[in-house]
Amino acid sequence: MTAQRTISGAGVAAGVGLLALLPLAGLPAFYDSFLYMIFYWISLATSWAILSGFAGYFSFGHAAFFGAGMYTTATLSTKFGVPFLVTLPAAAAVAAALAFGIGAVVFRLKRLRGELFALLTLAVSFVVATIILNTAIDGGAGVLTSSVSVPRLMPTPSGTIYLLGLIMCVGTLAITYAIAHSRLGLGLFAIHDDEDVAEVKGIPTFRYKLIAFAVSAAIAGAVGGVHAIYVGFLTVSETFGISVPLYVVLMSVLGGARHWLGPAVGAAIIAASLYAFTSGEQAMIGRGIVAFILVVAILILPEGIVPSLRRWWQRRQSRRAAPPAMADAPGIATVTAPREAGATVANLHPPTRVVLEVGDVHKAFGGLHALRGVTLDIREGEILGLVGPNGSGKTTLINVITGHFPLTSGSIRLDGMEIGNLAAHEIAARGVARTYQIPRPFTHLTVLDNVALAAAFGAADLGRAASLVEARRWLDFTGLRAKENVLPADLNLHERKFLELARALAARPRLLLLDEVLSGLNPAEIDRAIGMIREIRAQGTTIVFVEHLMRAVVELCDRIAVLNEGALFALGEAGAVMRDPRVVSIYLGKAHAA
């Protein structure tokens with residue numbers, strides 16, 4: 001594998017080197033310009049995908065950052081005499097600062113997602129254009145940049161611009177590749193699939209979105225700086241027109257916006273089709289070709305060219321390898337959890353130290369009070385059952401403990417430290433993990449990456465290699481190792497339930513909140529899950545067990561807390577609570593209790 005990467009890297013370096021020397025071949029300037037435009041669109045489309053493709057925040061405002069870069073270079077070079085190359089970092093910085101300022105406000109508001117974010121970014125382009133048009137930056141007359149001195153990097157000015165375009169293109173692809181294969185990229189992909197779950201699993205979503213937005217804008221600004229010299233004359237209408245956001249979206253979608261190389265492939269195809277035909281009638285042919293390619297790609301390859309080809313290749317390789325399926329015996333209740341070096345089995349004496357204190361917790365949604373002054377403690381090493389009829393507030397309590405919902409009032413303390421006012425990712429980092437009643441895996445990540453992500457961002461805080469090892473250990477534990485390379489959509493219900501469990505365990509939590517992990521399972525699967533929970537508890541993990549299956553609750557739980565209409569109704573030893581006539585009346589009715 002290392003040798004293959006070395007050979008591939010050498011091939012890429014050789015290809016880039018040949019492209020860099022192309023202006024020395026003495027070809028007509030048309031070829032410099034033609035290839036520059038392809039590099040230009042690759043850079044813009046790829047930079048757009050860092051936020052919009054990876055994190056799913058669809059933007060129509062890329063022209064704002066591109067235009068900010070163009071006018072920064074034009075203003076500094078023409079009015080202040082700043083050398084052209086020096087203006088490019090400034091162009092990137094101005095665009096990044098603009099994105100950072102917008103993101104710092106917008107990303108704090110959960111309602112500004114999806115189409116609202118897209119419309120907001122489109123409005124930003126109009127605002128920036130209006131400011132530039134009505135100030136001395138442009139003033140309506142435009143800015144002439146053709147007289148700006150261009151450094152002699154190549155024998156001709158067109159060759160120099162070509163080389164700068166190539167550098168921008170290669171740099172953009174390198175940055176995007178690095179992000180896609182980094183911790184940041186994994187977090188952005190999770191945000192794309194389910195931002196709320198990503199936050200609960202430990203991903204600092206606000207910070208990651210802000211970084212992606214700023215990097216995306218900075219690249220667009222630098223590309224705009226180079227393009228300001230290429231066009232020779234800037235006008236607001238051309239710079240901030242609809243063509244830039246429209247084309248970058250089409251290019252990214254065509255190639256596959258979630259893959260680092262997808263936008264480049266889409267941009268190369270569309271740009272080559274557009275610029276290969278330059279005269280009037282031929283230009284229409286080019287646009288027709290682009291339209292035809294887009295229609296065919298949308299119908300046949302809805303996820304884009306690169307992801308679709310990649311998935312086809314992976315299926316082909318899987319069929320060739322065809323490893324024997326691992327035995328999965330759902331009826332076996334005896335399981336062994338992965339144990340860390342030096343880990344000890346929890347003692348069987350009644351736990352006394354309080355891990356989590358919930359004090360007078362209230363949660364209201366408008367006029368609806370989901371929790372009404374809940375107060376309870378969770379002791380180290382115990383399994384606390386949390387039961388109650390539907391709508392009693394069980395899942396809401398889990399949501400406020402994990403930071404999925406903010407508290408209305410009250411206090412939540414973990415080992416004496418207040419966590420009720422912390423962001424969900426900060427709570428996860430302190431060792432709190434959960435499952436979801438209805439499984440919510442990251443749909444575009446494989447089973448392995450779903451679990452590895454929790455190991456990377458949860459309390460375990462592992463690196464990439466270590467997180468994969470940890471993930472495979474818990475996939476072995478839950479019987480999903482044979483499915484590690486499939487997507488969650490290919491799993492059945494009980495497998496998705498066990499994926500939720502594996503994902504929570506990979507974070508190495510001190511407090512594990514299980515929200516109806518047994519619902520939908522058959523008797524053999526329930527027995528197996530009960531065995532798993534016992535083994536997890538034996539490792540010393542404290543568990544809150546939300547469940548409607550009373551057999552499992554009585555078998556597993558040391559104590560039971562009963563919620564009813566958002567309030568704590570009963571709390572005590574499992575057998576005594578379940579024999580309480582008041583508790584029986586909640587489940588079976590007063591006549592039965594009597």
Side-chain angles (χ1 to χ4, degrees), residues 16 19-24 27-44 46-47 62-99 128-129 131-133 135-139 141-175 214-241 244 271:
V16 172
L19 286 173
L21 296 175
L22 191 62
L24 300 178
L27 297 175
F30 166 79
Y31 293 101
D32 290 341
S33 180
F34 175 75
L35 291 173
Y36 163 77
M37 291 303 298
I38 293 178
F39 299 150
Y40 158 79
W41 283 115
I42 288 175
S43 300
L44 281 182
T46 303
S47 66
H62 217 51
F65 313 113
F66 166 73
M70 287 190 76
Y71 272 94
T72 297
T73 288
T75 301
L76 292 177
S77 59
T78 60
K79 297 183 179 180
F80 297 98
V82 178
F84 165 56
L85 292 181
V86 177
T87 69
L88 298 183
V94 168
L98 177 61
V128 173
I131 292 172
I132 291 175
L133 184 64
T135 61
I137 298 174
D138 183 284
V143 179
L144 184 67
T145 58
S146 58
S147 59
V148 173
S149 176
V150 177
R152 193 176 177 82
L153 303 179
M154 284 291 168
T156 63
S158 65
T160 296
I161 296 297
Y162 163 91
L163 181 60
L164 291 174
L166 175 62
I167 292 170
M168 288 291 177
C169 178
V170 173
T172 299
L173 290 174
I175 291 170
V215 171
S216 172
I219 294 172
V223 172
V226 175
H227 202 61
I229 306 303
Y230 172 80
V231 297
F233 183 69
L234 279 64
T235 64
V236 169
S237 60
E238 288 292 327
T239 302
F240 295 95
V244 168

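Quick caveat: nothing in here was measured; it's all calculated off a predicted structure. Note: hydrogens, waters and symmetry copies are ignored here, and every other heavy atom, side chains too, is used.
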T75/V143 under side-chain contact (heavy atoms from CB on, under 4.5 Å): CA gap, chis, key distance, verdict | CA-CA 8 Å; T75 301; V143 179; 5.7 Å; no
Hey, mind stepping through V215 and I219 against side-chain contact (heavy atoms from CB on, under 4.5 Å) and telling me if it holds?
-> CA-CA 6 Å; V215 171; I219 294 172; 4.1 Å; yes
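Residues Y36 and V226 have side chains in contact (heavy-atom distance under 4.5 Å, counting atoms from C-beta outward). Between E238 and F233, every side-chain heavy-atom pair lies at or beyond the 4.5 Å cut-off. The closest side-chain heavy-atom distance from S158 to F30 is not below 4.5 Å. Taking the side chain as every heavy atom from C-beta outward, D32 and I161 never approach each other to under 4.5 Å. Counting heavy atoms from C-beta on, the side chains of I132 and F240 come closer than 4.5 Å.
The backbone N or O of R152 sits nowhere less than 3.5 Å from a side-chain atom of T160 that would complete a donor-acceptor pair. Distance alone, capped at 3.5 Å, is enough to place a donor-acceptor pair between the T145 side chain and the A228 backbone.
A distance of 6.5 Å separates CG in L173 from CD1 in I42, rounded to the nearest 0.5 Å. Taken to the nearest 0.5 Å, the CZ atom of F84 stands 12.5 Å off from the OG1 atom of T78.
The nearest pair of heavy atoms linking L234 to A74 is CD2-CB, 3.8 Å. A96 and A214 get closest at one heavy-atom pair: CB-O, 3.7 Å. In terms of heavy-atom proximity, A95 sits nearest to G221 at CB-CA, 3.8 Å.
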All N/O donor-acceptor pairs, side-chain side in residues 162-170, below 3.5 Å, sequence neighbours left out:
unit_1 : atom_1 : unit_2 : atom_2 : d
Y162   : OH     : L19    : O      : 2.6

Listing, residues 63-73 side-chain donor-acceptor contacts under 3.5 Å, not counting sequence neighbours, or none:
unit_1 : atom_1 : unit_2 : atom_2 : d
Y71    : OH     : D138   : OD2    : 2.7
Y71    : OH     : V236   : N      : 3.2
T72    : OG1    : A68    : O      : 2.6
T73    : OG1    : T87    : OG1    : 3.1

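Every residue two or more places apart in sequence or in another chain that forms a side chain to side chain donor-acceptor pair (under 3.5 Å) with S47 is listed here: H62.
Within a 6.0 Å sphere centred on OH of Y31, heavy atoms belonging to other residues, nucleotides or ligands number 12 at most.
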